[in-house]
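Notes for the one structure printed next.
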Number of protein chains: 2
Amino acid sequence: MLDRDRCLVRNFKYYCALDETEAELLAALEKTPQNVSNAQMLWEENHPADTLCVLSEGWAYSYRSMDDGTRQILNIFLPGDLVGLGDLSPRRHLTSVAMLTEGVICRFPLTNLTDIFTTSPKLTTVLFSLAGQQQAIMAERLVNMGRRTAREKVAHFICEMHLRLSKTCPNITHRFNLPLSQQVLADVLGLSAVHVSRTFSELREEGLLYRERNRINIPDLKAFYEVANFSDAYLSDSVDELLKMSEKGNNGVGLR
Amino acid sequence: MLDRDRCLVRNFKYYCALDETEAELLAALEKTPQNVSNAQMLWEENHPADTLCVLSEGWAYSYRSMDDGTRQILNIFLPGDLVGLGDLSPRRHLTSVAMLTEGVICRFPLTNLTDIFTTSPKLTTVLFSLAGQQQAIMAERLVNMGRRTAREKVAHFICEMHLRLSKTCPNITHRFNLPLSQQVLADVLGLSAVHVSRTFSELREEGLLYRERNRINIPDLKAFYEVANFSDAYLSDSVDELLKMSEKGNNGVGLR
DNA sequence: CGAAGGATTGATGAGCTTCAAGGATAGTGG
DNA sequence: CCACTATCCTTGAAGCTCATCAATCCTTCG
């Protein structure tokens, strides 16, 4: 298996050493790489939820369709993300998921996840932390939607993307690729596409942000963070903290 | 220990049979009941996150404060809820949590959680599902904020509360208590308190919803669901599905 | 080259916020 | 028991942010 097909293992190794069993459990999640085209659906709302998937390459997004034809995008997924964790509990998917670019995904059955629970507390802890991170991202987006102007919304979201990208791909600079149309951005931020366009114009005229096609350019990142009221706390991963606790062992209740 | 102090055990028993060890693990989370007054803070943004808590009695809410003095409420917690699960991964709390009524809480250290991971896959699965449910609630609220009118927002939120209440307290009717001021509702929904008031007036004039002090009255629940565009799918708990998988045992990788 | 999707810009108006003032209700201390 | 205060709610008036509709342009791609 090529290394690029095992980004999940790579991701997890970033958090903790893996023994052979653990590496095997993770690798099992990426056994079935599959090419997907741009705009391809990974699954649809209300369909049975028996598999999740690892997004090995490419970008994806989850959304809910509204009766009036509009939609709300809930999450943007980057390479290495585990897609569907939040969708996990109900027997049917609550959201649709589609690709934003072409890419590679690896589907795996839910049972692989419960296998991890029964086999590796360490991986379970990491998984819990990852789910927590996704929830933190959603919480921040709630704040964004509820209490910020269009200008701040756009800026804040761009900051979020930039920071998330720079975690998995540390050589990112103030210029980077963001394969989202203005309509997609509008559906993320609860705005109209027209107003997103106007907001970009405004930011461009002030020299804060340039965007041509999917290329983003932020001349002064610090200034831009201020426009966005962006604080990176919610994206700081501290999986290690929780892991340390878990490794200290349990406190004497119910020995294994 | 009184039964009312062990609502978590009760909640979990609703999902699955507990053996002695498991009951003990859960009971450990509720060993330190503590009375709290209305409006009391349970913790504050940026403070160290070394404990979570079970909300045994009363209502609470989590929120983020903005620089301009406004705030966004992220979550409303009801009796029996586990508070802080979403806040879990970072070493500092990302949100503040305060009481909406007086009540009883039980704080417990994070290590209790990792103990559960290492000791009981079954409880781990339930915990994962609970976290997923909280995330589903936030996702739905995102949709609410992004793509619905004030009228729908208010109605939808009331529906959510009504349904969540009726899960833990099945004898609830079309009249129930909702201890949230209009300012709190506004901070949940990303509206101004003034507009929440106007929206209530509107709904009242149409005979759809009556509210006096904290008492809610919905004469025709079905009609009200339609105003709200409310679908209860996202609140349907199907912990059992995941549990069944987990109990079928693992697929031969890394025996325990 | 024509078609289709994406972006921009202008005009108009709805929906919501803000400010301000007044009324209702509950709790507090004299 | 009654002012006194604090909190919550209501209502009006004014204005701003953003949505909607529509026309145009630009780019890409078959």
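Each chain gets a letter, A, B and so on, in the order the sequences are listed, and its residues count up from 1. FYI, side chains are in, hydrogens and waters are out, and symmetry mates aren't considered; it's all heavy atoms of this structure.
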Which ones in residues 64-76 of chain A lie close to DNA chain C, meaning a heavy atom under 4.0 Å from one of its atoms? none

Any residue meeting side chain to side chain contact (heavy atoms under 4.5 Å, CB included) with B:Arg215, in chain and number order, not counting sequence neighbours: B:Arg175, B:Asn177

Rounded to 10°, the angle between the first-five-pair and last-five-pair axes of the helix from C:dC1-D:dG30 to C:dA21-D:dT10 is 40°

Within residues 200-215 of chain B: residues closer than 4.0 Å to DNA chain D (heavy atoms): B:Ser201, B:Arg204, B:Arg211

Picking from B:Phe157, B:Phe176, B:Phe224, what satisfies ring-ring contact (aromatic ring centres under 6.0 Å, His included) with B:His162? B:Phe176

Start and end of chain B contact along DNA chain D [non-hydrogen atoms, under 4.0 Å]: D:dC9 to D:dA13

Any residue meeting ring pair (Phe, Tyr, Trp, His ring centres under 6.0 Å) with A:Tyr61, in chain and number order, not counting sequence neighbours: A:Tyr63

Under the ring pair (Phe, Tyr, Trp, His ring centres under 6.0 Å) rule, collect the residues that match up with B:His195, sequence neighbours excluded. none

Between A:His47 and A:Arg92, is any side-chain donor less than 3.5 angstrom from a side-chain acceptor? no

Got a sec, which residues hit ring pair (Phe, Tyr, Trp, His ring centres under 6.0 Å) with A:Tyr225, two or more places apart in sequence or on another chain? A:Phe230

Distance-only polar pair, side chains of A:Asp187 and A:Gln183, donor-acceptor under 3.5 Å: yes

Under 3.5 Å, side chain of B:Ser96 to main-chain N/O of B:Glu45, donor-acceptor pair present? yes

Distance alone, cut at 3.5 Å: any donor-acceptor contact between the side chains of A:Asn38 and A:Glu102? no

Sorted by chain and number, sequence neighbours left out, salt bridge (Lys or Arg N to Asp or Glu O under 4.0 Å) with A:Asp87 holds for none

Check each residue of residues 188-197 of chain B for a non-hydrogen atom within less than 4.0 Å of any atom in DNA chain C, then write out the ones that pass by number, or none. B:Gly190, B:Leu191, B:Ser192, B:Val194, B:His195

Minimum heavy-atom distance between A:Leu74 and B:Ala139, given as atom pair plus value: CD2-O, 3.6 Å

May I ask you to test the A:Leu203-A:Val227 pair for a side-chain heavy-atom distance under 4.5 Å? yes

Just by distance, with hydrogens left out, do B:His174 and B:Asn217 show a side-chain donor and acceptor under 3.5 Å apart? yes

First and last nucleotide of DNA chain C touching chain B, 5' to 3', heavy-atom cut-off 4.0 Å? C:dC16 to C:dC19

Qualifying residues under salt bridge (Lys or Arg N to Asp or Glu O under 4.0 Å), relative to A:Glu202, sequence neighbours excluded: A:Arg151

